[in-house]
Number of protein chains: 4
Amino acid sequence: MKRVKVIGAGGYGGVGIVELLLKHPEVEVRTLVAATETGMKMSELYPHLEGFCDHPDASEPADIVFFSTPDGVGMVQARAELEKGAKVIDYSGDFRFRTEADYADYATRIGKDPVHKSPDLLPQSVYGVPEIDRGSVTPEASIVGNPGCFAVGVILGLTPAAAGDLVEDGSIICDCKTAVSGAGKKPNASFHYPARYDNMNAYRLTGHQHVVEVEKALSKTAGKPVAVTFTTQVVPACRGILSSLYGELKPGIDYKAVLEAYRSYHAENRFVRIYDRQAVIGTSQVRGSNFCNLLVDVDERTNKLRVISHIDNLMKGQAGSALQNMNLLCGFPEATGLDRPGQYP
Amino acid sequence: MKRVKVIGAGGYGGVGIVELLLKHPEVEVRTLVAATETGMKMSELYPHLEGFCDHPDASEPADIVFFSTPDGVGMVQARAELEKGAKVIDYSGDFRFRTEADYADYATRIGKDPVHKSPDLLPQSVYGVPEIDRGSVTPEASIVGNPGCFAVGVILGLTPAAAGDLVEDGSIICDCKTAVSGAGKKPNASFHYPARYDNMNAYRLTGHQHVVEVEKALSKTAGKPVAVTFTTQVVPACRGILSSLYGELKPGIDYKAVLEAYRSYHAENRFVRIYDRQAVIGTSQVRGSNFCNLLVDVDERTNKLRVISHIDNLMKGQAGSALQNMNLLCGFPEATGLDRPGQYP
Amino acid sequence: MKRVKVIGAGGYGGVGIVELLLKHPEVEVRTLVAATETGMKMSELYPHLEGFCDHPDASEPADIVFFSTPDGVGMVQARAELEKGAKVIDYSGDFRFRTEADYADYATRIGKDPVHKSPDLLPQSVYGVPEIDRGSVTPEASIVGNPGCFAVGVILGLTPAAAGDLVEDGSIICDCKTAVSGAGKKPNASFHYPARYDNMNAYRLTGHQHVVEVEKALSKTAGKPVAVTFTTQVVPACRGILSSLYGELKPGIDYKAVLEAYRSYHAENRFVRIYDRQAVIGTSQVRGSNFCNLLVDVDERTNKLRVISHIDNLMKGQAGSALQNMNLLCGFPEATGLDRPGQYP
Amino acid sequence: MKRVKVIGAGGYGGVGIVELLLKHPEVEVRTLVAATETGMKMSELYPHLEGFCDHPDASEPADIVFFSTPDGVGMVQARAELEKGAKVIDYSGDFRFRTEADYADYATRIGKDPVHKSPDLLPQSVYGVPEIDRGSVTPEASIVGNPGCFAVGVILGLTPAAAGDLVEDGSIICDCKTAVSGAGKKPNASFHYPARYDNMNAYRLTGHQHVVEVEKALSKTAGKPVAVTFTTQVVPACRGILSSLYGELKPGIDYKAVLEAYRSYHAENRFVRIYDRQAVIGTSQVRGSNFCNLLVDVDERTNKLRVISHIDNLMKGQAGSALQNMNLLCGFPEATGLDRPGQYP
């Protein structure tokens with residue numbers, strides 16, 4: 001049994017991984033650290049866990065440490081955990097970029113200090129969209145930068161196009177709609193129930209932080225720089241991200257070729273399901289699960305690729321991918337503890 | 001491994017039990033029968049099950065048959081299943097009453113034919129709110145009448161009062177609010193999204209069918225006839241029932257005594273959690289789980305017992321209790337396949 | 001044209017009265033004061049008002065001043081407005097009670113300082129559920145204590161019973177469900193969208209402040225002390241209060257007599273609509289309007305009065321009644337600026 | 001006073017225009033025809049109208065007839081109304097195209113009979129997005145084809161770009177999200193509350209009917225053929241359409257030029273509000289009103305125009321524009337009966 005510690009357990013990302021860990025056959029939750037509610041039992045913070053997670057044993061050390069914390073925490077605290085022999089999975093942007101220059105680019109674009117606090121750790125970190133990066137998220141790795149929620153759905157939805165060179169440079173548009181839980185647990189005016197009720201809006205048009213990792217991932221796959229237009233929107237729902245992904249098709253690429261490229265690319269990915277354009281699916285079909293459902297389409301009239309990507313932002317977009325990364329880090333079968341449908345409705 | 005058949009798999013009650021059975025270690029789903037969508041795969045009806053329930057083996061026979069069907073189906077079709085050696089768990093009112101007279105009373109009150117179609121089966125049937133009726137839901141039983149969703153929350157919330165003779169005769173009021181999924185999968189004008197949006201209403205004031213089983217269960221516990229005022233309401237939510245339960249306290253009964261009576265009565269019930277009146281809980285803490293959370297209170301100014309009962313109508317109120325009844329029928333540990341928290345948020 | 005000033009314009013109660021005042025033919029909005037967002041235009045606080053309320057003229061004096069402020073503001077600031085010749089309508093508990101003793105009782109029960117800051121103003125204040133109190137809310141009055149949102153729906157729903165002596169002493173139960181906007185504009189953990197999603201809960205079981213005014217109003221009508229059991233609950237909706245009101249019927253009172261008593265009592269009240277128990281109505285039929293719809297029922301099996309009261313908490317429950325009180329204070333026809341249906345759906 | 005008749009009053013489009021007409025100072029509602037609920041009072045169909053619209057006088061003739069009916073009704077029934085001297089405003093596609101060939105193109109693309117039933121009426125019909133087409137929607141016109149809900153938001157959001165030749169041919173993408181009321185009042189499986197809850201999905205990828213009128217309108221403005229990629233999506237909300245509109249900017253066009261082009265184009269349009277990219281707005285700011293709010297942006301990194309268009313689908317997207325067209329047809333000031341903010345929240 002691997003011993004697990006969760007730092008930042010009090011947030012949605014934290015409780016999500018705790019729920020998954022409680023059902024995972026190969027691990028035990030040993031230590032929970034909630035940043036702002038020190039000293040409370042997990043079941044006081046989250047009463048639905050009463051009887052399941054009342055007195056986590058705080059004994060050290062841990063084999064796996066999840067940092068479900070905002071930017072800036074993991075880069076400072078990870079070293080101590082690594083030195084005690086743990087592997088680290090970090091939810092923030094701290095370990096999504098392997099060089100100081102890449103990190104500085106990211107940090108600058110989101111208005112943060114471009115200097116990474118632990119640059120010497122970057123070379124041993126790997127970025128982890130599990131389906132794309134399982135070649136590097138292995139038992140040899142020690143730090144995984146868990147991807148951003150928008151990034152997971154977009155990268156899974158566009159990598160087959162990048163790998164197959166299906167669309168024209170500069171033509172990709174990612175129109176992404178998230179449910180509110182993606183913004184986390186902290187109340188604010190925009191997510192106050194009456195303010196969010198019947199309300200859709202676009203936000204951070206000047207640059208959402210996830211675009212950086214999307215572009216780096218696609219560039220790596222394509223073998224050339226890829227820039228995307230990236231629009232983030234919030235809709236009045238709790239869980240789910242639907243991303244509409246567009247690109248100008250290259251000459252000679254038709255619907256049949258596109259569909260085949262997608263089916264082929266994701267053939268071995270248990271958690272990616274490919275649908276043709278006749279399918280009637282929505283985010284409720286992935287709610288509560290680790291699946292990414294991709295509806296693949298071509299608009300022949302305008303010669304556009306159109307892929308609709310559906311994920312649960314808290315599962316495939318966060319805790320689910322984190323657990324999948326843990327499985328890869330530990331050498332467990334990749335789907336352990338995740339191979340379940342959600343509840344419907 | 002017990003072999004299971006679900007008749008009426010296409011409804012919410014059916015998909016709920018299928019989801020639970022897929023995770024249960026002691027059973028395998030063998031046959032699914034969807035009343036109105038004959039010939040479709042379960043994963044066509046419910047795309048979230050793709051990869052989990054695509055080609056159920058239709059081979060007979062089954063050891064356990066769930067009838068997640070409306071009133072009138074089980075009483076006709078159960079016999080054939082019983083004769084093939086199966087045990088039957090029926091979701092409807094067909095087997096909630098053990099005598100022809102009781103059934104006729106129920107059927108008359110809801111405007112149905114008072115003549116039961118298989119009266120000879122009634123004596124071998126048992127009513128099953130698992131926590132209350134586990135003395136009769138045993139491997140010796142062959143038919144279980146699974147309780148109505150409102151009934152589960154109300155019976156668990158009032159049985160300690162009935163058992164302890166805490167309240168005056170004729171004073172009980174059950175003010176019950178359900179989310180929309182309780183009305184099932186079939187679209188209608190009242191549950192069309194725009195019509196339900198921001199809309200609460202009371203309905204069936206002239207008599208909801210679940211009041212009959214509530215009164216019979218409480219009368220049995222109290223050892224005398226108990227009548228209750230029963231108000232059903234719908235609120236704009238998907239899952240959950242919150243029932244506010246009131247009664248005039250008998251002389252000498254105070255808050256402390258009430259709280260103690262509730263804690264004592266449910267002490268051994270894994271899926272019932274008792275909270276005092278300082279607790280801050282809502283239906284989201286039971287969402288997706290088999291728990292019933294009871295907040296126990298007394299209004300000293302008016303001398304009233306006040307209990308707030310919280311369940312997930314599709315779990316503890318339906319499929320969860322059905323699976324729990326299956327465990328009791330099969331002699332499995334009662335919590336098998338159910339001992340999990342839901343997902344939050 | 002009467003000149004109007006709104007203090008506390010930044011809250012939901014404030015924006016509600018501003019929206020109504022903008023359409024009222026006999027008044028002009030002259031001054032808006034937002035407590036916490038000083039110096040912002042109303043259309044910056046509430047962008048839907050852009051083009052309608054951009055530069056309110058701040059010139060004094062005003063003929064009518066609305067205090068859409070929390071407890072404790074009006075009792076301090078009203079004097080200055082009165083001295084300048086204005087009439088005052090206060091949304092809080094500050095002027096809902098006409099004697100120091102009554103105020104002290106209220107304040108004590110909700111844990112506030114029992115000493116009123118301007119006791120000399122209390123005798124000139126009147127409580128104002130317009131339909132019940134239009135005998136005292138007249139051009140001669142100078143201060144109106146606008147009722148609490150729960151109180152409006154409950155008082156309109158129970159006053160006919162109190163006036164007609166229909167129910168037994170000590171038997172009244174008010175089970176009230178509110179939408180979230182009743183809690184105001186300030187974000188908090190309980191009303192954060194993901195936390196409120198699919199979540200119903202009871203709160204302040206130890207005593208909601210509105211029960212005091214309900215009991216005083218009913219006692220005044222009944223001519224004897226009336227105590228009620230009062231349960232407040234929140235459901236995941238934006239606007240609306242549904243209150244289920246119960247009482248043990250006195251001997252000889254049947255459904256026909258009850259329905260007649262309600263129809264008779266409210267015969268002249270434009271904004272109260274009486275429905276019999278066959279009616280299919282919900283809060284969406286009053287959403288956005290000043291109406292209170294009362295569904296009147298009797299449960300003959302248990303001899304209980306059951307009235308379902310529906311209001312929009314921000315209209316009839318707050319700004320609508322406030323405008324109606326303004327009409328009464330100014331001698332305008334009572335329905336001026338209010339006689340409209342809401343938008344559906 | 002103009003006398004008005006509404007055919008199809010029982011749908012959301014019908015009740016929307018009735019609500020507006022009841023407040024309009026220059027018209028009276030004389031005749032309501034509900035297709036499927038013959039003989040019911042409007043207030044039985046829509047109880048929120050009780051006391052406002054109980055006994056519409058069925059006397060003929062009418063000066064204005066609204067057909068809030070599906071495709072195929074107006075083209076058959078309009079002639080009789082025109083012959084009695086009425087002007088006609090039709091909500092469907094029947095009169096959105098002025099030639100038989102254009103209609104056939106539309107009908108073919110949506111799989112309908114390409115033969116118009118009253119081709120001789122087409123030349124006297126005009127298409128009416130009021131802000132764009134007020135040159136042709138005049139007292140001389142007799143038939144107006146009211147625009148589709150998606151089309152209104154998209155056309156208002158892209159016409160300045162088409163007029164100013166701001167974007168490259170073939171590069172326009174319209175990513176449109178609608179609330180559920182856009183699908184009308186008739187219940188179906190996709191809009192059943194539990195099915196829609198927390199569910200977003202794209203639909204009709206193979207071709208939504210509104211794309212045809214969008215392309216024709218933009219082509220007319222641009223003076224050359226314009227084709228657009230058009231994606232329709234549904235989100236769990238009641239009212240509102242948010243459309244994200246993209247195009248590849250032509251060389252030399254920057255953010256400042258774009259913003260100026262939009263401000264200039266819509267300078268005289270009372271119901272269009274232009275916001276720069278710093279604005280924080282959503283659909284709730286237009287809910288219940290006739291406004292279209294346009295947030296204008298440029299993504300400099302990828303050289304894309306990005307406009308976020310916000311409307312209330314039942315107001316600006318349907319009944320509001322229909323009333324505005326009526327004002328234009330009758331020579332009333334264009335904003336009569338419409339110049340109001342919605343209610344918030």
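Here is the naming used below: chain letters follow the sequence lines, and residue numbers restart at 1 for every chain.
- In this structure, chain C has a heavy atom under 4.5 Å from the side chain of B:R109, while its backbone stays farther away.
- Considering all non-hydrogen atoms of both residues, B:T231 and C:I308 come closest at CG2-CD1, 4.5 Å.
- In terms of heavy-atom pairs under 4.5 Å with chain C, the best-connected choice from B:L295, B:V286, B:V235 is B:V235.
- Taking all atoms of both residues into account, the shortest heavy-atom contact from B:Q233 to C:S244 is OE1-OG, 3.0 Å.
- Within the 4.5 angstrom heavy-atom criterion, atoms from both the backbone and the side chain of B:L205 approach chain C.
- Shortest non-hydrogen contact noted between C:P236 and B:A237 is CG-CB, 3.9 Å.
- For a residue to count as touching a neighbouring chain, one of its non-hydrogen atoms must lie under 4.5 Å from one of that chain's; by this rule B:Y344 touches chain C with the side chain only.
- The local environment of NZ in B:K186 is sparse, with at most 12 non-hydrogen atoms from other residues, nucleotides or ligands closer than 6.0 Å.
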> Run the salt bridge (charged side-chain N to carboxylate O under 4.0 Å, His left out) check on B:R306 and C:D175 step by step: do they pass?
Replying inline: CA-CA 11 Å; B:R306 178 164 51 183; C:D175 191 279; over 6 Å; no
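- Within a 6.0 Å sphere centred on NZ of B:K220, heavy atoms belonging to other residues, nucleotides or ligands number 12 at most.
- With 3.5 Å as the limit, one finds no donor-acceptor pair spanning the side chains of C:S284 and B:Y197.
- Rounding to the nearest 0.5 Å gives a distance of 10.0 Å between CG of C:N199 and CD1 of B:I281.
- Here the CG-OG1 distance, from C:N201 to B:T283, works out to 7.5 Å after rounding to the nearest 0.5 Å.
- The part of B:D297 that comes within reach of chain C is its side chain, from C-beta onward, which places non-hydrogen atoms under 4.5 angstrom from that chain.
- Contact of B:E215 with chain C is made through the side chain alone, with heavy-atom distances under 4.5 Å.
- Heavy atoms closer than 4.5 Å to chain C are found in the side chain of B:I173, but not in its backbone.
- B:I172 does not touch chain C: none of its heavy atoms, backbone or side chain, sits under 4.5 Å away.
- When every heavy atom of B:M200 is checked against every heavy atom of C:L242, the shortest pair comes out as O-CD1, 3.5 Å.
- Ranked by heavy-atom pairs under 4.5 Å with chain C, the list B:R287, B:R277, B:Q278 is led by B:R287.
- In this structure, NZ in B:K304 is found 4.5 Å from OG1 in C:T229, a value given to the nearest 0.5 Å.
- The nearest pair of heavy atoms linking B:A227 to C:R301 is CB-NH2, 4.3 Å.
- With a 4.5 Å cut-off on non-hydrogen atoms, C:D299 touches chain B through its side chain but not through its backbone.
- Taking B:A279, B:C238, B:P345 one by one and counting their heavy-atom pairs under 4.5 Å with chain C, the maximum is reached by B:C238.
- For B:V228, the part lying under 4.5 angstrom from a heavy atom of chain C is the backbone only.
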